Amino acid sequence: MKRQVALLLVLSLLVAVCSACGGSQTTVDGSASAAGSVSTVGESGGEEADTAEVEAALEQFLTNLYTTDDQGRYTAYLAEMEALDSAAGSSSEDSQALLDAAADNYYADFATLLTEDVYAQLVQNRIPFKYDELYADTPATVQDVALTAQEDCYSYTVTLQIGNEAETRSGELQWETQDGTVLVSYFYEAD
């Protein structure tokens, strides 16, 4: 009987501590972890990352993606393409090298935010380019990023300001930690 009472006291103490620190979260591997840190799975070997660090990395990716001409990437890309057009007498090898360099420059900021697989998919599907081209006349800026922790991912809603209009984009993200850096390891855009 004393043992049961002691176990109940320990259990109630644990519940009180978890409630005081914000409860627990379900991580990408399906296990529960204390609020403030989340376990990551993948090449990281189960490194832990702070929840704030994970959310900041995901928010940075979404902001870079949906802010059109972020840091002048589209303007610089168009200037490189114009320079390539004016150098029409170049060999096809030189032209291809210039095209590759322009694409590398355009996607450079994403390389540090994504795993290699997601980066390759983003480049192949030209996702940021799609938004830069679509909103070239009326730039889109990110007004708000809302992240909601799910069992094995984060769902997101991004609110964009496009001229006088507001639009939203939503989807899901997963992450992993590689060499101490949180990287987006899965990106799904619902809209």
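Not measured: the values here are computed from a predicted model.
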Residues that [X] engages under ring pair (Phe, Tyr, Trp, His ring centres under 6.0 Å), provided they are two or more places apart:
X	result
Phe110	none
Tyr119	none
Tyr186	none
Tyr156	none

If we ignore hydrogens and angles and just use 3.5 Å, is the side chain of [X] paired with the main-chain N or O of [Y] as donor and acceptor?
X	Y	answer
Gln161	Gly163	yes
Gln174	Asp152	yes
Tyr77	Phe129	no

When every non-hydrogen atom of Gly180 is compared with those of Glu53, the smallest separation belongs to O-OE2, 3.6 Å
What are the two closest non-hydrogen atoms of Val118 and Phe187, and how far apart are they?
-> CG1-CB, 4.3 Å
Compare all side-chain heavy atoms of Phe61 with those of Leu173 and state whether any distance is below 4.5 angstrom.
->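 A side-chain contact under 4.5 Å exists here.
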Measuring from atom [atom1] of [X] to atom [atom2] of [Y], what distance do you get when rounded to the nearest 0.5 angstrom?
X	Y	atom1	atom2	answer
Ser155	Leu147	OG	CG	8.0 Å
Glu189	Leu62	CD	CG	9.5 Å
Glu80	Leu99	CD	CG	10.0 Å
Leu65	Asp109	CG	CG	12.0 Å
Tyr107	Leu113	OH	CG	14.0 Å
Asn64	Thr112	CG	OG1	8.0 Å

Could you work out, with side chain to side chain contact (heavy atoms under 4.5 Å, CB included) as the rule, every residue matching [X], not counting sequence neighbours?
X	answer
Thr68	Tyr131, Asp132, Tyr135, Pro139, Ala140
Asp144	Ala146, Thr159
Leu183	Thr115, Gln178, Thr181
Asn125	Gln121, Ile127

Write out all pairs satisfying salt bridge (Lys or Arg N to Asp or Glu O under 4.0 Å) with one or both partners inside residues 112-128, taking only residues at least two apart or from two chains.
->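 Output for this query is empty, none listed.
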Just grab all the salt bridge (Lys or Arg N to Asp or Glu O under 4.0 Å) pairs involving residues 154-173, residues at least two apart or on different chains.
->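 Residue pairs passing salt bridge (Lys or Arg N to Asp or Glu O under 4.0 Å), neighbours aside: Glu167-Arg169.
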If Ile, Leu, Val, Met, Phe, Trp and Tyr residues are connected whenever their side-chain heavy atoms lie under 4.5 Å apart, and connections chain through other members, are Met81 and Leu134 in the same group?
->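 In one cluster with Met81: Leu134, yes.
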When you check the side-chain N and O atoms of Thr148 and Gln150, is any donor under 3.5 Å from an acceptor?
-> no
For Asp69, what residues pass the side-chain hydrogen bond (donor to acceptor under 3.5 Å, both in side chains) criterion, not counting sequence neighbours?
->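 Counting only residues at least two positions away or on another chain, Asp69 forms a side-chain hydrogen bond (donor to acceptor under 3.5 Å, both in side chains) with Thr75.
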side-chain hydrogen bond (donor to acceptor under 3.5 Å, both in side chains) with Thr63: which residues, sequence neighbours excluded?
->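 With neighbours one apart ignored, the set is empty.
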